[in-house]
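Before any comments, here is the structure.
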Amino acid sequence: MSENTSGSRWGDKKKAKIDSLAKSTSKKDDEGVSLLQSAWRRLRTDVVFLIGATIIVLFILLAIFAPWIAPHDPSAQLLLDQVRPQTNPVPGPQEGFPLGADPAGRDLLSRLIVGSQQTLIVGVFATLGGLLGGLTLGTLAGGIGGWVDSAIMRVVDVMLSIPSLLMAFSIAAVFANPTQWTVILAIAIIQVPIFARLLRGSMLAQRHSDHVLAARSLGVKPAPIVFRHMLPNSLGPVIVQATLVLATSIIDAAALSFLGLGNPDDRQPEWGQMLGKAQDYFNTYPHLAFYPAICIIIVALGFTLMGESLREALDPKSRR
Amino acid sequence: MTTTTSHASPPAASGSNQPLLEVEDLRVTFGGRKGPQFTAVDGISFSVAPGQTVGLVGESGCGKSVTSLAIMNLLPGRGNKVTGSVRFDGKELLTLGDAAMRDLRGADLAMIFQDPLSSLNPVVPLGVQVSEVLQRHRRMKKPAANKRSEELLGKVGIPDPTRRLNEYPHQLSGGMRQRALIAMALACEPRMLIADEPTTALDVTIQAQILALLKELVEESGTALMMITHDLGVVAGLCDEVNVLYGGRIVERAARHELFATPRHPYTGGLLASIPRLDLPRGGRLNPVKGSVADNIPWDEGCAFAPRCNSVIDVCTQKSPDLAPDEATSDRLLRCHNPLTTDASDSTQEA
């Protein structure tokens, strides 16, 4: 009899254990979460993502509120009276000007803060432009297929065979009056083939997927097949690529400005352009180049960290 | 019930109406031009009448799914050749234009697939997927289609359909996903339903429910059902007539009862003998059909099943057998030189 009671107690314990186990697993997997929700759940505890996201959020806030944050007008030559072209071309740090001024006597800190605006605009618009072109070409190629696919992909191959920065230089150099928008256009164009190829690849995988076959078996017409069944399922890798492209387009824009292909009007500060103008003083006053460079690096790093962890979260195969 | 047999008019099992779907000498060849050719379906003929359930049975790789995709005109456009004839309601499907075929698919001729999770679009709510079909074929407005979708989901046994309409496929269980797929296939009340292993991915209890649902459907609305499966249990519960496929050809066709009672083709016998049984002594070995389906189908120089057959005789490796009325039982078509004896228990032992 004692054996019997102990047996049942043991059984109870086991049951409770199984119950708790079942509860915990059901909580984990099956609480009605969408792909985005589960991705967010993973991202919330991902240190890398949080660091990247923090950098990006701070950067965006800085860009939006730059006019209020900046201590001075970035284009006012407040320290011009201290500039001595022969002895002291660059006024050093002083009260009210923690980073000093540039060779034109303008507050360096204010220029860095306001410069974030142009940098953000270039990054976002170049990426959006590339995304728009790439999505159009990729959807046409992957959705229609056949000779349309072959034609588009050959053009894309040609574009990819040219080093991208070289192509951006060539495009930017075509315009007689470079502005911020020629830079954006040049960078957007070099991103197009990357997005197009990526989207076309994942659309091709979708084309042969079971749910597309099932939709076709129900007589769904080609256009809804492409736009409702193939495209939304193919966007994951494109979204990830877009966050990574934000970083490279900021760097590319800096490169263009550095080489003098950007906006020559320096009343509107931009990090790459500040870096370019600092070349002349690099031996004696390296901090002029150092500050904008470190800004570019931090922002690019932020986007890259965010993009990489986003990729891991959205793609279950790359999860570790 | 089943008497006359010729190549073109197979034995009808129940309600011998005018056949709705007639497949004649269907042949699907992959590859070609430069690469090696591979014949997946090698001259299959059968027909399905309204209210009738016809089974295509065979192991993996014998051409079941390719047959169904060929009937639906869903094989990829390049790299394959489909010949023969598929007539649906008198209309030839193989030469039908893309647009006309699209109008037919989902409206009159629908299909249920094997894997319920991957056959639903993961990023679109269930309600949209069901009502899409209704809006497409019935020209319904969105609110009407939504209402009808809800009814359909309820009809196929999904609890709380109002809530489910806004849910995504991954939020449903496997059984519910398959029900949702069935609801989509049934949305426009098709006259013919092709079920490609609809229960393979499900556990046995759900399997039984889904089969009961399909059975009810056939009985209530007189839908013609073509059931593709490797599971003889499914056949036993559902099909009026069974076609046993091997290597892209039909090797035996009989009404369900006759097939199970007296399998004549050694392959059918082998399939039946390989089913695990509860009434056999414990520790006994299962009886699989030995070997596996050969990659290329050597029907030209004899019977393709000969290398795996227990009752192989000399002629089997020399002359390809024809599908002909079986002389001994006269209730079926058979493609065999040396069929099993009509004594059922004996034949299963042999195989």
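All of these numbers come straight from a predicted model, not from anything done at the bench. Note on naming: letters A, B, ... go to the chains in the order of the sequence lines (proteins, then strands), and numbering restarts at 1 for each one.
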To the nearest 0.5 Å, what is the distance between [atom1] on [X] and [atom2] on [Y]?
{"X": "B:Met72", "Y": "A:Leu218", "atom1": "CE", "atom2": "CG", "answer": "7.5 Å"}
{"X": "A:Ser217", "Y": "B:Arg102", "atom1": "OG", "atom2": "CZ", "answer": "13.5 Å"}
{"X": "A:Arg216", "Y": "B:Arg105", "atom1": "CZ", "atom2": "CZ", "answer": "6.0 Å"}

Tell me, out of A:Pro232, A:Pro224, A:Ala215, A:Pro222, who's got the most heavy-atom pairs with chain B below 4.5 Å. A:Pro222
Of the backbone (N, CA, C, O) and the side chain (C-beta and beyond), which part of [X] lies under 4.5 Å from a heavy atom of chain A, both, or neither?
{"X": "B:Leu109", "value": "backbone"}
{"X": "B:Leu74", "value": "both"}
{"X": "B:Met111", "value": "both"}

I'd like to know if the side chain of B:Asn121 reaches the main chain of A:Arg228, judged simply by a donor and an acceptor atom lying under 3.5 Å from each other, with no hydrogens or angles considered. yes
When every non-hydrogen atom of B:Ser119 is compared with those of A:Ala214, the smallest separation belongs to O-CB, 3.4 Å
Evaluate B:Glu132 against A:His229 for side-chain hydrogen bond (donor to acceptor under 3.5 Å, both in side chains), listing each step before the verdict. CA-CA 11 Å; B:Glu132 179 179 36; A:His229 295 279; 2.9 Å; yes
How would you list, by chain and number, every residue that makes a side chain to side chain donor-acceptor pair (under 3.5 Å) with A:Asp210, sequence neighbours excluded? B:Ser118
For B:Phe30, does the CZ atom have more than 12 heavy-atom neighbours from other residues, nucleotides or ligands under 6.0 Å away? yes
